[in-house]
Participant: 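Pasting in a structure now, in structure tokens, and then I'll have a few things to ask.
Heavy-atom basis, side chains included; hydrogens, waters and symmetry copies ignored.
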Amino acid sequence: MDVFWNRTLANQTPSSFAQRMCGQRILSIFRRGKFLVFQLTKDVMLIHLRMSGDVRVERSLDANGVPQKPHKHDRLIITFANHARLAFHNPRKFGRVWLMDDPDSVLAGLGPEPLDPNLSPQLFFKKLQAHKRQIKPLLMDQHFLAGLGNIYTDEALFHARIHPLRISNAIKREESKALLDAIRLVLKEGIRRNGASIDWVYRGGEFQNQFQVYGRAGDPCPRCGAKIERIVVSQRGTHICVNCQK
DNA sequence: AGCATTACCCGCACGC
DNA sequence: TGCGTGCGGGTAATGC
């Protein structure tokens with residue numbers, strides 16, 4: 001195991017991480033919100049990419065049996081007994097890795113999964129009613145709903161024709177239904193296209209080609225032709241059609 | 001009290 | 001060259 005940036009490990013020192021990880025096997029891998037969850041033999045490993053990066057799985061040795069050089073922004077590399085390795089690549093150094101026996105202390109506060117069928121339109125409407133906050137920061141609040149980020153929130157609000165500064169408990173029942181549908185639409189589309197390549201930190205996705213408003217300030221709205229505007233909402237760039245989104 | 005908002009911060013590298 | 005920007009979220013201060 002190699003740690004290239006100490007703060008990558010959220011709740012372990014490099015030596016305690018290595019010692020504790022040694023001998024464990026990966027039993028399953030899944031996702032909860034924006035966390036990658038690795039169920040190990042004894043513990044659970046969590047990875048959060050934050051603003052940048054990806055996880056690579058590769059062979060630890062090249063064709064000549066020489067250890068492969070780490071990439072420039074690799075922060076953690078875990079090498080397995082079968083000479084496979086997992087590299088946590090995280091250019092901005094915001095990402096974190098946890099190793100713990102009970103991940104609830106990190107995951108317990110997360111809101112529901114937007115794609116969970118148990119999240120009915122009725123329940124979603126009730127949840128919106130329970131808060132009096134600007135809709136965009138509320139949607140991005142991982143305690144309210146788990147998994148939505150800046151891109152998907154802007155796109156979903158555009159699809160649902162809702163202005164990001166609308167107050168959550170003033171959103172009508174029909175609008176909330178449209179919003180939930182829109183959230184699910186953009187998430188599924190993003191997943192189908194392997195995410196978006198809008199930045200140097202992640203290439204490979206194609207969802208950016210489907211953006212209606214995100215990153216398109218000055219372009220005509222694909223729905224009405226009005227000029228797309230960029231505003232700032234809770235310190236995040238926000239893209240809207242003021243003609244379509246009320 | 002508890003919720004909501006705002007400002008700031010964190011590494012890095014890109015585009016203009 | 002310098003400045004603004006960013007697929008995120010924690011913390012602290014402030015406001016309601």
Side-chain angles (χ1 to χ4, degrees), chain A residues 3-11 31-36 46-55 70-76 88-98 103 105-111 114 127-158 164-171 183 185-219 228-239:
Chain A
V3 178
F4 302 99
W5 172 243
N6 263 342
R7 294 168 59 174
T8 295
L9 299 177
N11 71 333
R31 178 195 61 78
R32 174 72 176 100
K34 299 181 186 179
F35 292 85
L36 293 173
L46 304 175
I47 297 181
H48 196 307
L49 299 172
R50 294 266 177 102
M51 291 278 277
S52 66
D54 39 51
V55 171
H71 288 200
K72 183 172 181 184
H73 299 298
D74 284 347
R75 307 304 177 194
L76 172 71
F88 176 41
H89 180 250
N90 190 242
R92 284 184 191 135
K93 294 182 178 175
F94 290 166
R96 293 292 182 271
V97 177
W98 293 256
S105 59
V106 178
L107 301 181
L110 292 176
K127 283 174 63 64
L128 291 179
Q129 292 289 303
H131 296 269
K132 186 179 180 181
R133 293 180 63 181
Q134 294 171 348
I135 185 64
K136 174 166 175 174
L138 181 60
L139 292 177
M140 292 180 65
D141 185 336
Q142 301 300 298
H143 301 283
F144 179 77
L145 197 61
L148 275 192
N150 203 34
I151 290 177
Y152 295 89
T153 305
D154 277 8
E155 292 295 308
L157 287 170
F158 173 78
L165 295 179
R166 286 276 299 283
I167 303 302
S168 57
N169 66 355
I171 288 175
I183 288 168
L185 180 78
V186 297
L187 283 178
K188 286 179 184 168
E189 192 64 14
I191 291 167
R192 198 163 79 81
R193 306 205 177 248
N194 295 320
S197 306
I198 59 163
D199 205 347
W200 59 280
V201 291
Y202 170 74
R203 311 303 304 177
E206 298 296 335
F207 185 50
Q208 70 277 9
N209 300 324
Q210 314 298 316
F211 287 169
Q212 305 291 296
V213 287
Y214 185 86
R216 301 190 52 185
D219 290 358
I228 294 169
E229 292 181 17
R230 180 187 180 279
I231 61 176
V232 175
V233 179
S234 58
Q235 334 299 331
R236 307 301 297 271
T238 299
H239 310 79

Participant: Can you check whether A/K34 has a side-chain N or O nearer than 4.0 Å to OP1 or OP2 of C/dG9?
Facilitator: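 Checking A/K34 against C/dG9: at least one side-chain N or O falls below 4.0 Å of OP1 or OP2.
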
Participant: Under 4.0 Å: is that the gap between some side-chain N or O of A/H48 and OP1 or OP2 of C/dG9?
Facilitator: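 For C/dG9, OP1/OP2 do have a side-chain N/O of A/H48 under 4.0 Å.
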
Participant: Within the 4.5 Å heavy-atom criterion, are A/F4 and A/N90 side-chain neighbours or not?
Facilitator: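 A/F4 does not reach A/N90 side chain to side chain.
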
Participant: A/N150 has a side chain; which of B/dT5, C/dG8, C/dG6 sits nearest to it?
Facilitator: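 Closest nucleotide to the A/N150 side chain: C/dG8.
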
Participant: Does B/dG11 count as syn, meaning its glycosidic angle lies within 90° of 0, or as anti?
Facilitator: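 Syn.
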
Participant: Could you state the atom-to-atom distance from CG of A/D141 to P of B/dT6 in whole Å?
Facilitator: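 Taking atom P of B/dT6 as the reference, CG of A/D141 is at 15 Å.
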
Participant: Has A/W200 got its ring stacked on the base of B/dA13, with centres under 5.5 Å and planes less than 30° apart?
Facilitator: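 The base of B/dA13 is not stacked with A/W200 (the test needs centres under 5.5 Å and planes under 30°).
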
Participant: Rounded to whole Å, please give me the gap between CZ in A/R133 and C1' in B/dG2.
Facilitator: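 About 13 Å, once rounded to whole Å.
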
Participant: Can you tell me how far P of C/dG8 sits from CZ of A/F35, to the nearest Å?
Facilitator: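 Checked: the CZ to P distance equals 12 Å.
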
Participant: Quick one: is A/H131 getting a side-chain N or O under 4.0 Å of the B/dA4 phosphate, OP1 or OP2?
Facilitator: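 Yes, A/H131 has a side-chain N/O under 4.0 Å of OP1/OP2 on B/dA4.
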
Participant: What is the base-pairing partner of C/dG10, counting Watson-Crick and G-U wobble geometry with both distances under 3.5 Å?
Facilitator: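 Base-paired to B/dC8.
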
Participant: Separation of A/F94 atom CZ from C/dG10 atom P, in whole Å?
Facilitator: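 Value for this atom pair: 13 Å.
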
Participant: For the backbone of A/F207 and the side chain of A/R192, can you confirm whether one donor and one acceptor N or O come within less than 3.5 Å of each other?
Facilitator: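 No; judged by distance alone, with no hydrogens or angles, the pair does not exist.
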
Participant: How many Å lie between NZ on A/K93 and P on B/dC10, as a whole number?
Facilitator: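 About 13 Å, once rounded to whole Å.
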
Participant: Considering only C/dG6, B/dA4, B/dT6, which nucleotide approaches the side chain of A/Q235 most closely?
Facilitator: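 Among the listed nucleotides, the one closest to the side chain of A/Q235 is B/dT6.
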
Participant: If you measure from the P atom in C/dT1 to the same atom in B/dG11, how many Å do you get, rounded?
Facilitator: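 It comes out at 25 Å once rounded to the nearest Å.
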
Participant: So if I take every side-chain heavy atom of A/M140 and compare against B/dT5, C/dG8, C/dG6, which nucleotide ends up nearest?
Facilitator: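 For A/M140, the side-chain atoms sit closest to C/dG8.
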
Participant: For A/R96, answer base if it contacts any base atom (sugar-phosphate contacts may also be present), sugar-phosphate if it contacts only those atoms, and nothing otherwise; contact means non-hydrogen atoms under 4.0 Å.
Facilitator: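 Result for A/R96 = nothing.
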
Participant: Would you tell me if any nitrogen or oxygen in the side chain of A/R7 comes within less than 4.0 Å of OP1 or OP2 on B/dC10?
Facilitator: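 No, outside the criterion.
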
Participant: Could you check which of B/dA4, B/dG11, B/dC8 has an atom nearest any side-chain atom of A/W5?
Facilitator: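 That would be B/dG11.
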
Participant: Between the base of C/dG6 and the side chain of A/R92, is there a donor-acceptor distance below 3.5 Å?
Facilitator: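 Such a pair is found, so the answer is yes.
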
